[in-house]
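A short worksheet on the structure shown next.
Treat the numbers as computed from the prediction; the structure is a model and nothing was measured. Below, read A as the first sequence line, B as the second, and so on, with proteins coming before strands; counting in each chain starts at 1.
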Protein chains: 2
Amino acid sequence: MKLTTFSDYAFRVLIYLASTGESASLSELAQAYGISRNHLVKAVNTLEKNGFVRTRRGVGGGISLARPASEISLVEVALSTEPNFTIVECFDYENNTCRIAGACRLERILQDATRAFMAEIGKYTLADITGNSKVLLKLIARSSA
Amino acid sequence: MKLTTFSDYAFRVLIYLASTGESASLSELAQAYGISRNHLVKAVNTLEKNGFVRTRRGVGGGISLARPASEISLVEVALSTEPNFTIVECFDYENNTCRIAGACRLERILQDATRAFMAEIGKYTLADITGNSKVLLKLIARSSA
DNA sequence: TCATTGTTGCATTTTATTTACAACTATAGC
DNA sequence: GCTATAGTTGTAAATAAAATGCAACAATGA
């Protein structure tokens, strides 16, 4: 069970932006974390389409938070970047082939478990995970040097 | 975010065995659910190695529960069949490459969320999800016919 | 007008998972 | 003991999903 690197990257972008409090370019972000610019591009794109960040092209452009960090719920981010939360086949009615779907009680339990997972990360906003920004930025600076 | 089909199959095996209250052969299980015998084999193997089921070769052999359904915790099953619960890269210290690991507060939150997921399925045993066995077996019978 | 910076779509690579295959071992009944 | 049944093991192949790369494009500010 894991989130995609895609979601992971989206979180990293938000954390970086919230930590610096400024806007950043795609190249800066990719270099800061030492990750694929290409993949990052798509994560940022998804963040933009979902209203978490704003982007501006051209000289002096870049990516910045579209709203205060305290108004960006972590669960909303995960829901928008993760392709799906189909824990088991039967969660997807359309494509389910499991013969006991409907009668099986496991489905409900796994749904509750997923909700519990969501509820937990739903307790926090981006602001909650961006307190130690100096330490964090120092870490990034040290590794990219 | 999802569990592997492997884990899914493991659950299906346990549910079947608990529902019939008898032992079943690999072929019977594969046919009942209409799924790949090959993959099922490995799931059963893992279940056996982790003490959830007992297997017997030869004529009249097959697979049966190694302990009462009420003593088989769903979370234990998931933990033994799922390859890992590395929700994000940094959960795996050995291979982590994220530069802010350690200072980043998201890790802790995702760990708590994962624990919440586990705690939820940990509330139940195989016995809890095997009440409506007749309905369930009828469903299987109908589809495999 | 040009350099900068994000956008889009498609192709490729990589990885993980799933499935298949084959040779093997154990067991029960005749 | 022979034979059919049934699980075991290891390896290989196929599939699917995710990650990465690339190239042509569009907007913006100096």
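Here D:dG7 presents its C1' atom at 14 Å from CD of B:E28, a figure rounded to the nearest Å. Distance CD (B:E48) to P (D:dA6): 18 Å, rounded to an integer number of Å. Atoms CG (B:N95) and C1' (C:dT15) sit 14 Å apart, rounded to a whole Å. The separation between B:L40 atom CG and C:dT17 atom P is 18 Å, rounded to whole Å. In this structure, NE2 of B:H39 is placed 17 Å from P of D:dG10, rounded to the nearest angstrom. C:dT19 atom C1' lies 12 Å from atom CD1 of B:I35, rounded to whole Å. Going from atom CD of B:E89 over to atom P of C:dT15 covers 13 Å, rounded to whole Å. When the P atom of D:dT15 is taken as reference, atom CZ of B:F6 falls 21 Å away, rounded to whole Å.
In this structure, A:R56 reaches the D:dG29 phosphate: one of its side-chain N or O atoms is under 4.0 Å from OP1 or OP2. One finds no side-chain N or O of B:Y9 lying less than 4.0 angstrom from the OP1 or OP2 phosphate oxygen of C:dT17. Put simply, A:T55 has no side-chain N or O that comes within less than 4.0 Å of OP1 or OP2 on C:dT5. OP1 or OP2 of D:dT9 lies within a sub-4.0 Å distance of a side-chain N or O belonging to B:N45. Phosphate contact (OP1/OP2 of D:dT5, side-chain N/O of B:S25, threshold under 4.0 Å): absent.
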Test side chain to side chain donor-acceptor pair (under 3.5 Å) applied to A:K49 and A:N45, step by step: CA-CA 6 Å; A:K49 290 207 163 63; A:N45 223 268; 2.7 Å; yes

Could you please spell out the steps behind the salt bridge (Lys or Arg N to Asp or Glu O under 4.0 Å) verdict for A:E120 and A:R115? CA-CA 8 Å; A:E120 192 60 33; A:R115 275 193 216 101; over 6 Å; no

Let me see the working for A:S7 and A:E82 under side chain to side chain donor-acceptor pair (under 3.5 Å), right down to the final yes or no. CA-CA 6 Å; A:S7 293; A:E82 201 57 13; 2.5 Å; yes

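Candidate nucleotides C:dT17, C:dA3, D:dT8 were compared by shortest atom distance to the side chain of B:V41, and D:dT8 ranks first. Proximity note for B:V59 (side chain, C-beta onward) versus C:dT4, D:dG21, C:dA28: the nearest is C:dA28. In this structure, of C:dT19, D:dG7, C:dG6, it is C:dG6 that holds the atom nearest to the side chain of A:R57.
Side-chain contact annotation: B:T5 with A:E89, donor-acceptor N/O pair under 3.5 Å absent.
The nearest heavy atom of DNA chain C to B:R37 and to B:P83 marks one nucleotide each, and the one closer to the 5' end goes with B:P83. Of the residues near DNA chain D, A:S7 and A:N38, the one whose nearest nucleotide (by heavy atom distance) lies more toward the 5' end is A:S7. Comparing B:K2 and B:L26 along DNA chain D, the residue whose closest nucleotide (by nearest heavy atom) sits nearer the 5' end is B:L26.
You'll find the side chain of A:N96 stays beyond 4.5 Å of the side chain of A:F91, heavy atoms only.
Judged by distance alone with a 3.5 Å cut-off, a donor-acceptor contact links the side chain of A:K42 to the base of D:dG21.
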